[in-house]
Amino acid sequence: MSTIAATAFQSALLDWYDIHARALPWRVPPGSARTPDPYRVWLSEIMLQQTVVQTVKSYFETFVSRWPTVHHLAAARDEDVLAAWAGLGYYARARNLIACARAVSGRGAFPGTEAELLELPGIGPYTAAAIASIAFGRPSVVVDGNIERVMARLFAIETPLPAAKTEMKARAADLTPRRRPGDHAQALMDLGATICRPKAAACLACPVRQFCAATGNAPERLPRKLSKAAKPERRGIAYWLTHGEDVLLVRRPDRGLLGGMRALPATPFVADREPIPAPPFETEWKAVSKPVVHVFTHFRLELTIMTADISAMPRPSGDWHPVADIVNAGLPTLFAKAAKLAAGDLLHD
DNA sequence: AATACGGGGCC
DNA sequence: GGCCCAGTATT
């Protein structure tokens, strides 16, 4: 697209955004004289990594209500932040969130350049560009999954992802304006989310269809992607050990799957063999009727739940949590499912 | 460049 | 059941 056409594209896109921008809790309205609070932009961008807007909304509100500034968040206890993040997934984000908040609070405020933002934990190329653009008005080149899709269709890029990323970023750079770069980036993302959708692209309603190489030419086939490997199966055993009104919880190691999160005691999740039992207490265990089936990014898990009650014995030390309050224990979804199944199954006895 | 890393909603 | 989502860190 020529420079002249790029200018016309930017105008058409921003005119559309001025009317159709999604109202989101972390946003300021389009064309606003003020830029949004960098803390809110950062927090929303971390939560939005590989996570849909609808899911993020309630978590975002909870976090900003409980920790209104980066300094509040920096002063929070790790376990409180992780528990508040429970259910949102990709828990390394929560651990990096804490580290980043402390780094930023220590230096006083968020840096305003893409290069400095990129140095912070949990902030990669996309997020650095997004914060620089949206919160600091810099003409950074913002490219997320939405914008890759829009570029693929606008320029009919037939090269499959991820090889096409370089070309897509170059095309996005050609289109990035000096004025209102944050609105431009958000407009492209809104376009991708509401018009230039993965399936059922609404080309008739698209403000930039006159610039697009894919309109009327099966836009849904773009971007092309390399096929993914099949998900292997893994198995594991989790243990629901009760004593009186309480159940035993553990904290998982800081690195790896569900790292740092509260959990039920469990075996490692293994492929191609039965898990080796690893009960947290030697007693008589009984299997819950059905296993929990849970799909992770790179494997499918069948988790058998074993239950036992040792109320008659002295209580071993550990992280005992009231069963009645288990939904507030900060369990990731896998173990929340397991807890629900175990508690429900015992109810039926 | 490839892999690990969640979870939910949609078709 | 596969695809997709405001990706990053590690190897």
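A note on names: the letters A, B, ... follow the listed sequences, proteins ahead of strands, and every chain is numbered from 1.
When DNA chain B is scanned 5' to 3' for any atom under 4.0 Å from a heavy atom of chain A, the first and last hits are B:dA4 to B:dG8.
Only at 4.0 angstrom or more do the heavy atoms of residues 157-174 of chain A sit from any atom of DNA chain B, so none qualifies.
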Subject >> Verdict with supporting geometry, A:E245 and A:V323, side chain to side chain contact (heavy atoms under 4.5 Å, CB included) >> reply: CA-CA 6 Å; A:E245 304 298 311; A:V323 172; 6.0 Å; no

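Taking the centre and axis of the six-membered ring of A:F269, the NZ or CZ atom of A:R234 falls outside the cone set by 45° and 6.0 Å.
Here the separation of B:dT3 from C:dA6, taken at their C1' atoms, is 22 Å to the nearest Å. Going from the C1' atom of B:dG9 to that of C:dT8 covers 23 Å, rounded to whole Å. The same atom, C1', is picked in B:dG8 and in C:dA9; the two are 24 Å apart, to the nearest Å. Taking atom C1' in both B:dG6 and C:dC3, the straight-line distance is 15 Å, to the nearest Å.
Listed for the A:R149 side chain is no donor-acceptor partner under 3.5 Å among the backbone atoms of A:L222. In this structure a side-chain-to-backbone donor-acceptor pair under 3.5 Å is missing from A:S133 to A:P139.
Within the 4.0 angstrom heavy-atom criterion, only backbone atoms of the sugar-phosphate kind lie near A:G87; the bases stay farther away. Counting non-hydrogen atoms under 4.0 angstrom, A:I46 reaches nothing in the nucleic acid.
Ion pair A:R40/A:D37 not flagged as a salt bridge, since none of the NZ, NE, NH1 or NH2 atoms sits closer than 4.0 Å to an Asp/Glu carboxylate oxygen.
Listed by chain and number, the residues in a ring-ring contact (aromatic ring centres under 6.0 Å, His included) with A:F63 are A:W67, A:W85 (sequence neighbours excluded). For A:Y17, the ring-ring contact (aromatic ring centres under 6.0 Å, His included) test picks out no residue, with sequence neighbours left out. A search for ring-ring contact (aromatic ring centres under 6.0 Å, His included) contacts involving A:F155 returns nothing, not counting sequence neighbours.
Aromatic pair A:H298/A:F296: centroids not less than 6.0 angstrom apart.
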Original post:
How does each nucleotide of nucleotides 2-11 of chain C score, in 5' to 3' order, for protein heavy atoms under 4.0 Å: base (B), sugar-phosphate only (S), or none (-)?
Top reply: --SBBBSS--

